[in-house]
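The structure under discussion appears below in the form of structure tokens.
Predicted model only: the values in this text are computed from it and were never measured. Quick note: numbers below take in every heavy atom, side chains included, and nothing from hydrogens, waters or symmetry partners.
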Amino acid sequence: MSKMPVNPPSWRNDTVLPLPNEVKANAWAVDAACSGNPGPMEYQCIDLQTGAQVFHYGPIHGTNNIGEFLAIVHALALMDQKGITDKVIYSDSVNAQLWVNKKQCKTKLERTPQTEQLYQVIARAENWLRTHPITVPIFKWETKKWGEIPADFGRKG
RNA sequence: ACAU
DNA sequence: TCATGT
Ligand SMILES: [Mn+2]
Ligand SMILES: [Mn+2]
């Protein structure tokens with residue numbers, strides 16, 4: 001029998017999705033994907049407790065950062081609509097979290113007939129943010145430590 | 001440089 | 001390798 005000290009496990013395995021111990025399971029994770037950037041963009045949300053997809057939107061022509069932004073706002077609005085107050089949100093996008101806190105999508109995507117529909121969606125999201133307080137914590141998913149966020153589309157490299 |  | 005962003 002070894003006398004070596006055994007470190008406590010850093011990952012929990014009692015959840016549907018294995019999660020790092022530092023990660024809250026009562027949470028939704030969001031992520032965006034873009035086929036080309038700009039290009040056909042989509043985003044989705046995964047419930048970390050069940051692994052179920054909570055919502056999916058797109059594809060629609062846009063950028064990675066617009067998708068990351070809209071995904072967070074969509075999660076906030078849906079939680080509000082469902083009366084969910086105890087969950088938190090994970091996103092891997094520092095940029096999107098900054099935009100949400102500013103309540104403004106600071107994209108440089110050209111505004112053309114092709115992007116007009118998306119700009120309308122952005123306007124609705126910004127309007128929602130201006131008219132609702134953000135009460136749910138939004139946490140950075142630490143990809144380098146934990147691997148890809150569970151909402152990732154798994155299409156990179 | 002950092003994060004996508 | 002390219003693009004989106006602070
Ligand atoms: Mn992401
Ligand atoms: Mn991803």
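- Taking atom CG on A/N37 and atom P on C/dC2, their separation rounds to 14 Å, with Å as the unit.
- Between A/T63 and C/dG5 there is a side-chain polar atom (N or O) within less than 4.0 angstrom of OP1 or OP2.
- Between A/K108 and C/dT4 there is no side-chain polar atom (N or O) within less than 4.0 angstrom of OP1 or OP2.
- If you take CD of A/E142 and C1' of B/U4, they are 15 Å apart, rounded to a whole angstrom.
- A donor N or O paired with an acceptor N or O is found under 3.5 Å between the base of B/U4 and the side-chain atoms of A/N64.
- One finds a side-chain N or O of A/W99 lying less than 4.0 angstrom from the OP1 or OP2 phosphate oxygen of C/dT6.
- Atom CG of A/N95 is separated from atom P of B/A3 by 13 Å (rounded to the nearest Å).
- Here C/dT6 presents its C1' atom at 13 Å from CG of A/N101, a figure rounded to the nearest Å.
- Scanning all heavy atoms of the two residues, the minimum distance from A/G147 to A/W141 falls at O-NE1, 2.7 Å.
- OP1 or OP2 of B/U4 sits under 4.0 Å from a side-chain N or O of A/K140.
- In this entry the distance linking NZ of A/K156 with P of C/dA3 reads 19 Å, nearest Å.
- Checked for salt-bridge contact, A/R111 and A/E116 meet the test: a charged N lies under 4.0 Å from a carboxylate O.
- For the 3.5 Å distance criterion, the side chains of A/R124 and A/N127 fail to qualify, holding no donor opposite an acceptor.
- Whole-Å rounding puts the A/I72 CD1 to C/dG5 C1' distance at 13 Å.
- When heavy atoms are screened at a 4.0 angstrom cut-off, A/K144 is found touching the sugar-phosphate backbone but no base atom.
- Rounded to whole angstrom, the span from the CD atom of A/Q97 across to the P atom of B/C2 amounts to 18 Å.
- Within the structure, every side-chain polar atom (N or O) of A/T143 is placed at least 4.0 Å from both OP1 and OP2 of B/A3.
- A distance-only check finds a donor-acceptor pair linking the side chain of A/E126 to the backbone of A/C105 [under 3.5 Å].
- Taking only side-chain nitrogens and oxygens, A/T107 never comes nearer than 4.0 Å to OP1 or OP2 of C/dT4.
- Following rounding to the nearest Å, A/Y43 (OH) and B/U4 (C1') show an atom-to-atom distance of 17 Å.
- Counting non-hydrogen atoms under 4.0 angstrom, A/N65 reaches a base of the nucleic acid.
- You'll find the ring centres of A/H74 and A/Y57 outside the 6.0 Å limit.
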